[in-house]
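A short worksheet on the structure shown next.
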Amino acid sequence: MFGLFKKKSEKENLQKLYAKLLADAHKLSTSNRKLSDQKVYEAEEIMKRIEAIEKQSQND
């Protein structure tokens, strides 16, 4: 109940965006391959940011 209004961390927001981009890429893979590839590329860039956050939190 108390976690109801808790703000999501940057990592959680990026993970949600990553999943959405991959889902979009999967849907587009049958109709527009170029746009699908662009979504996959964007998702990979998001994953790099997530990994950088994880590495930074391990060093702290």
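Values in this document were obtained by computation on a predicted structure and should not be read as measured data.
Note on residues 26-35: pairs passing side-chain hydrogen bond (donor to acceptor under 3.5 Å, both in side chains), not counting sequence neighbours, are R33-D37.
Remark: E45 pairs with K48 by the salt bridge (charged side-chain N to carboxylate O under 4.0 Å, His left out) rule, at least two apart or across chains. K11 pairs by the side chain to side chain contact (heavy atoms under 4.5 Å, CB included) definition with S9, Q15, I50, I53, E54, not counting sequence neighbours. Residues that satisfy the side chain to side chain contact (heavy atoms under 4.5 Å, CB included) test with K8, not counting sequence neighbours, are E12, N13, K16. Every residue meeting the salt bridge (charged side-chain N to carboxylate O under 4.0 Å, His left out) condition with K20, not counting sequence neighbours, appears here in chain and number order: D24. Residues that satisfy the salt bridge (charged side-chain N to carboxylate O under 4.0 Å, His left out) test with E10, not counting sequence neighbours, are R49.
Under the 4.5 Å side-chain heavy-atom criterion for ILVMFWY residues, a single connected hydrophobic cluster contains both L21 and L14.
Once rounded to the nearest 0.5 Å, the distance linking CG of L17 with CD of E42 reads 8.5 Å.
Between A25 and S36, the shortest heavy-atom distance links the atoms O-OG, 2.9 Å. Across all their heavy atoms, L22 and A43 have their closest contact at CD2-CB, 3.8 Å.
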